[in-house]
Trainee: 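This is the structure I have questions about; it appears just below.
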Protein chains: 2
Amino acid sequence: MQVKDFYVSAPGKAILHGEHAVVHGKVALAVSLNLRTYLRLKATTTGKVCINLPNINAFLCWELSQLKQLVNALAVQRLDAELVKRLREFIGVTNGSLDTCNMATLSFLYLYTSELPSLTVSVWSELPTGAGLGSSAAYSVCLAAALLYANGSIPPPLKEWEHTARWCQEDLELINSWAFQGEMIIHGNPSGVDNAVGTWVPRSTKVLVAGVKDKINKFPSIMGPVLDSVDAISCTCEKVLSEMTCEPITGEHYNILEELIDINQHHLNVMGVGHPALDTLCQVTLAKGLHSKLTGAGGGGCGITLLRPETDSLIVQSTVQDLRDCGYDCWETSIGGPGVQQHSPIAIKEEILEILNHY
Amino acid sequence: MQVKDFYVSAPGKAILHGEHAVVHGKVALAVSLNLRTYLRLKATTTGKVCINLPNINAFLCWELSQLKQLVNALAVQRLDAELVKRLREFIGVTNGSLDTCNMATLSFLYLYTSELPSLTVSVWSELPTGAGLGSSAAYSVCLAAALLYANGSIPPPLKEWEHTARWCQEDLELINSWAFQGEMIIHGNPSGVDNAVGTWVPRSTKVLVAGVKDKINKFPSIMGPVLDSVDAISCTCEKVLSEMTCEPITGEHYNILEELIDINQHHLNVMGVGHPALDTLCQVTLAKGLHSKLTGAGGGGCGITLLRPETDSLIVQSTVQDLRDCGYDCWETSIGGPGVQQHSPIAIKEEILEILNHY
């Protein structure tokens, strides 16, 4: 146990294009958000392990002596179903359904039991939970980084004179593989996109996950080309975003991004994953000249709206108000934030530091 | 001049699927409507040629002696631009733009000048003009059939004991080729679908016409698959309609037709040919459980709404009322009516016969 206070953060993600099509082997374009989850790990001498999750009002402590009885061996890379079962009994959840708090707890304990020091973990997130913005992956990535650091599996990347640092590729791979374990506990069959974005922030990720939609099986000759079109949208968007990082950004770049959003929103409706609430989102924002689409699972959930640099802040404010009046929550963010990072306390926003250090 | 009273009719058409995609070499599915255009040709001894078009309040007569001076030779198969120019001068329209009346007149005179007997033609149509329902083609087909009959190029197919009859294949080809001449006068560059439907009623027609959309050139990898999907929609719809003619019709047949309508309406919006008025049409009818899409050129124009056999007539009435309240005109019809036909007077609805015989 080499740890004193240790701060780490990881970003949430949004799928710009390719949700659902990715299930059929098409390219999806996932980007990191500048909304992050922050974790503080603090060594203690209490003989207890504690986790504080103020976002969901969960504050839990266990005696190390009790927890140690559960653990026979370390689970490495592959989920140890027997250990998960024993941990579920330990926290008193033996039935099938787990709420957010139970899943976060189980994920923490599973990752934690690879080592059993006395410590307290506090986590605060800027991300909404359950909205498809990768909050669980950001949580798992932070946990994996902190606990791998705590048991000496990875070094602290932060030099004394630095405020923020990232790990080397090999360490990131270890963090990602453990974060994926946490995601498996929370989601059952995660795509791996979310923890990969939280760890690395690749611009484009091609993954295959199980599951096929009835509609796509019903009309293969009609739906196959729609998936190809979505694939091309993801690739075109990736190309435009790349151009925008190395060329002068023009209005035409944003025009294309808007067109891609509109086309894909129609395609998602064609794929049967739309929802009247998301159509309303599109109408409300279009009335202000802003283009939106659903993001992630669809059928409700979360949408994204593109803000152009020249969009007047009064327009943004009145759009947010219109959306709130319709019962929506809104978050304003940019895309392309860094993956998992260690921070010195000085690099963390004061209000977040205050929350993390409160416990 | 063998003619006494001669009655002929031809149907309008609707494009069920494939409008716009057809421009890019994809299959379009055009069907005939049970809304028809009726023509009566009456031999006279007045030395005049007269055309009566009560739908558009056009009642015109010319002295044969004057008209004969214009005609040097018969134009066969290929539009005689010089004759068109002389006819335009004759009816006093030398500027570029022709209104419906001028186009109908010019088309009539051009077809008429293949022979120059003294006669009166009266036409009445159940079809709206300029809505993309093939009213001009139905008019051209009726004119071609009547005038080819009048100059002895085709025989009357009606036997003494029959009420309605169709021509043989060879005669239909002649009618269609002349009707296409009329369409060229009216539309400049017609696809040939409308006169083919009016003459033959093929279920599916594949045609190539000039013109490409900017959006399709801008995003070929995105829009190409959308066109492929539209192509598959047309083929799937054709297959379902075929099944419905030879198998027991089930609710699932109509479910598929509804899904195809919804998907294609999204595709048409993706192709940039939608219009807020057509979105409103879709919303108003969907509120009553009915599925709609634009048909034809889009960007306004005409939409089609599928009525299932079990749809309550009260639902239909209230939907029509809602649409009228939004400023739309509505026509209720079935699809698949016969192509061009000769009728005995007894086979024509009394109110239409009354209109035709009034002049």
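Order of the sequence lines sets the chain letters (A, B, ...), proteins ahead of strands, with each chain counted from 1.
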Trainee: Report the option among B/Gln265, B/His267, B/Glu259 that has the most heavy-atom pairs separated by less than 4.5 Å from atoms of chain A.
Mentor: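 If we count pairs closer than 4.5 Å to chain A, B/Glu259 comes out on top.
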
Trainee: Chain B: which of A/Val230, A/Leu260, A/Ile256, A/Asn264 shares the most heavy-atom pairs with it under 4.5 Å?
Mentor: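 Among A/Val230, A/Leu260, A/Ile256, A/Asn264, the one with the most close pairs to chain B is A/Ile256.
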
Trainee: Is any side-chain heavy atom of B/Phe219 closer than 4.5 Å to one of A/Ile233?
Mentor: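 A side-chain contact under 4.5 Å is absent here.
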
Trainee: Can you tell me which of B/Val270, B/Asp228, B/Asp262 forms the most heavy-atom pairs within a distance under 4.5 Å of chain A?
Mentor: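 Heavy-atom pairs under 4.5 Å are most numerous for B/Val270.
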
Trainee: Taking atom CG of A/Asn269 and atom CD1 of B/Ile263, what is their separation to the nearest 0.5 Å?
Mentor: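 Between A/Asn269 CG and B/Ile263 CD1, I get 11.0 Å after rounding to 0.5 Å.
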
Trainee: Would you check if A/Ile222 and B/Asp231 make a side-chain contact, meaning some heavy-atom pair closer than 4.5 Å?
Mentor: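 When only atoms from C-beta onward are counted, B/Asp231 and A/Ile222 do not touch, as no gap falls below 4.5 Å.
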
Trainee: Could you tell me whether the side chain of B/Val226 reaches within less than 4.5 Å of the side chain of A/Val226, counting heavy atoms only?
Mentor: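 No, their side chains stay 4.5 Å or more apart.
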
Trainee: Step through the shown structure and confirm whether more than 12 heavy atoms of other residues, nucleotides or ligands are within 6.0 Å of CD on B/Glu332.
Mentor: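 No, not enclosed.
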
Trainee: Chain B: which of A/Ser221, A/Cys235, A/Gly224, A/Ser229 shares the most heavy-atom pairs with it under 4.5 Å?
Mentor: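 Counting heavy-atom pairs under 4.5 Å, the top option is A/Ser229.
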
Trainee: What part of A/Leu227 lies closer than 4.5 angstrom to a heavy atom of chain B: side chain, backbone, both or neither?
Mentor: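 The answer is neither part of A/Leu227.
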
